[in-house]
Amino acid sequence: MRRLFPEFAMFFALFPRVAFAEEGLHLPEVTPPSSWGEGVSIVRFFLAFLVVAGMLWGVSYLLRRYSGGSLRFSASRYMRLLDVLPLRGNLTLYLLEVGKRIVVIAHTGSAVREVLELDAEDLVEQPKAESFSGYLERIFRKSSPPS
């Protein structure tokens, strides 16, 4: 292992004032920005955060209200996405309304293909799926004896 002591000794011998430069420094006195303490700055930060969050919420509310309920930045006049069904890792089915036609499109990682074309009359909306807690409540309500 190499000894570094001679290099340090030579440095301090050549530059003695660098090591002890505190003697010649005359810095101005620094005062804190607030005389009330740090609690006020935390309150000011929290209030500023609430104001900015409120402004962002207000802008998003106005955008949703005046854009027809959705924040779509690429609105199309001729196509509308009706539904999406992810089947497995990279296979997804899309249900699109194109003019008066309804088209089912399959999308994989490397290809997009039209699978099926339907008429609007052929499309039947499925009932909304029941939640798990609702299912358990319905089962236990039936099986519990009346009191």
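Every heavy atom of this structure was used, including side-chain atoms; hydrogens, water molecules and symmetry mates were not.
- The same ILVMFWY cluster, assembled from side-chain heavy atoms under 4.5 Å apart, contains both L87 and L82.
- Taking Y61 as the reference, W57 meet the ring-ring contact (aromatic ring centres under 6.0 Å, His included) condition, with sequence neighbours excluded.
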Residues 104-111, side-chain donor-acceptor partners within the protein, below 3.5 Å, at least two apart:
from: T108; atom 1: OG1; to: A111; atom 2: N; distance (Å): 3.2
from: T108; atom 1: OG1; to: A111; atom 2: O; distance (Å): 3.3

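- Pairs of residues two or more places apart, or lying in two chains, that qualify as salt bridge (charged side-chain N to carboxylate O under 4.0 Å, His left out) and include a residue from residues 101-111 are R101-E117.
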Show me the side-chain donor-acceptor pairs of residues 89-100 shorter than 3.5 Å, one per line, residues at least two apart or across chains.
from: E97; atom 1: OE1; to: R80; atom 2: NE; distance (Å): 2.9
from: E97; atom 1: OE1; to: R80; atom 2: NH2; distance (Å): 2.6

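- Cluster membership check: M55 does not share its hydrophobic cluster with L63, using side-chain heavy-atom separations under 4.5 Å among Ile, Leu, Val, Met, Phe, Trp and Tyr.
- The hydrophobic clustering, which links ILVMFWY residues whose side-chain heavy atoms are closer than 4.5 Å, places L81 and V112 together.
- In the hydrophobic cluster analysis, where Ile, Leu, Val, Met, Phe, Trp and Tyr join through side-chain heavy atoms closer than 4.5 angstrom, I42 is grouped apart from L50.
- A chain of hydrophobic side-chain contacts below 4.5 Å, direct or via other Ile, Leu, Val, Met, Phe, Trp or Tyr residues, connects V84 to V103.
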